[in-house]
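Below, all heavy atoms of this structure are taken into account, side chains as well, without hydrogens, waters or symmetry copies.
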Amino acid sequence: MVAATDRASRTGPGFGMLLLVALFASGILALAWGYQIFGGLEPCPLCLKQRWAYYFGIPALLATVAFFRDLRDGPGAILLTLVIAAFAANAILAGYHAGAEWKFWAGPAACAGGGATGALDISAGNLLESIETARVIRCDEAPWRFLGLSFAGWNVLFSAAFAVASLAVFRAKRMPIH
């Protein structure tokens, strides 16, 4: 039988917050994939790098929930620290990307027209046609905006929110209860 204090530690507001962050992060990642697969918006190299925080953060958040009672010094504390760092770093990367889209600074040279989408048919007859029809995905051009923000701009806000919410849970669970 699970003790009442153990059960309470797994069902407190922090527990729900971590599940909510994992749920919203999953939704953001699903939205990005949906726009790519069904909307035809191919991601640039910086967009793909921004997904790494989600690929790590979502499973790590779920694992953190499994270790929720150990947030003071156990594996849950380590995982949550890594989640906070991943989403904070992602907010910075997304900010850099959004700044490049707004032409505040230059994006990386690799994103200035070096990436083509789709597989190139290397047979002699189709090589020239494949090269001519390949679309170049640039990091400094936003293919979509909502309320004035691109995907990268929204990712700044969401990644920062995920980092702050995770940090709030971490701090609340580490404070001694009197």
Undergrad: Report the distance from atom NE2 of His97 to atom CG of Asn90, rounding to the nearest 0.5 Å.
TA: 11.5 Å

Undergrad: For Ala152 versus Ala94, what's the shortest heavy-atom pair and its separation?
TA: O-CB, 3.5 Å

Undergrad: Considering all heavy atoms of both residues, which atom of Gly95 and which atom of Val156 are nearest to each other, and what is their separation?
TA: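 So the minimum-distance heavy-atom pair works out to N-CG2, 3.2 Å.
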
Undergrad: For the pair Val164 and Ile84, evaluate side-chain contact (heavy atoms from CB on, under 4.5 Å) and give the outcome as yes or no after the intermediate values.
TA: CA-CA 7 Å; Val164 168; Ile84 294 164; over 6 Å; no

Undergrad: Any heavy-atom pair between the side chains of Phe162 and Val83 that's under 4.5 Å?
TA: no

Undergrad: Does the side chain of Met17 reach to within under 4.5 Å of the side chain of Ser166, using non-hydrogen atoms?
TA: no

Undergrad: Ignoring hydrogens, what is the shortest heavy-atom contact between Ala91 and Ala160? Give both atom names and the distance.
TA: CB-N, 3.8 Å

Undergrad: If you measure from CH2 on Trp33 to CZ on Phe38, what distance do you get to the nearest 0.5 Å?
TA: 11.0 Å

Undergrad: Give the cluster check for Tyr55 versus Phe151: same hydrophobic cluster or not, with ILVMFWY residues linked at side-chain heavy-atom distances below 4.5 Å.
TA: yes

Undergrad: If every non-hydrogen atom of Ala163 is compared with every non-hydrogen atom of Ala88, which pair is closest and at what distance?
TA: CB-N, 3.8 Å

Undergrad: Closest heavy-atom contact between Ala32 and Arg51?
TA: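 In terms of heavy atoms, the two residues are closest at O-NH2, 3.6 Å.
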
Undergrad: Quick check on side-chain contact (heavy atoms from CB on, under 4.5 Å): which of Leu62, Ile58, Leu31, Val21 does Ser26 satisfy it with?
TA: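 It is Ile58; the other options fail the test.
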
Undergrad: To the nearest 0.5 Å, how far apart are CG in Leu23 and CG in Leu61?
TA: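 It is 11.0 Å, given to the nearest 0.5 Å.
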
Undergrad: When rounded to the nearest 0.5 angstrom, what distance separates CZ in Phe158 from CD1 in Ile28?
TA: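 If we round to the nearest 0.5 Å, Phe158:CZ and Ile28:CD1 are 4.0 Å apart.
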
Undergrad: For residues Asn155 and Gln50, is any side-chain donor paired with an opposing acceptor at under 3.5 Å?
TA: yes

Undergrad: Should Leu20 and Leu18 be regarded as members of a common hydrophobic cluster, given that ILVMFWY residues are connected when their side-chain heavy atoms come within less than 4.5 Å of each other, either directly or indirectly?
TA: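 Yes; tracing contacts between hydrophobic side chains, which count when under 4.5 Å, links both residues.
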
Undergrad: Should the heavy atoms of other residues, nucleotides or ligands under 6.0 Å from CZ of Phe24 be counted, would the total exceed 12?
TA: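 For Phe24, atom CZ is not crowded (no more than 12 foreign heavy atoms under 6.0 Å).
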
Undergrad: About how many Å separate CG of Leu80 and CG of Leu167, when rounded to the nearest 0.5 Å?
TA: 8.0 Å

Undergrad: For Phe87 together with Tyr54, are the ring centres under 6.0 Å from each other?
TA: yes

Undergrad: Identify whether Trp154 and Leu48 are in the same connected component of the hydrophobic contact network (ILVMFWY, side-chain heavy atoms under 4.5 Å).
TA: no

Undergrad: Going through the checks in order, is the side-chain contact (heavy atoms from CB on, under 4.5 Å) test met by Trp52 and Leu93?
TA: CA-CA 11 Å; Trp52 295 353; Leu93 177 63; over 6 Å; no

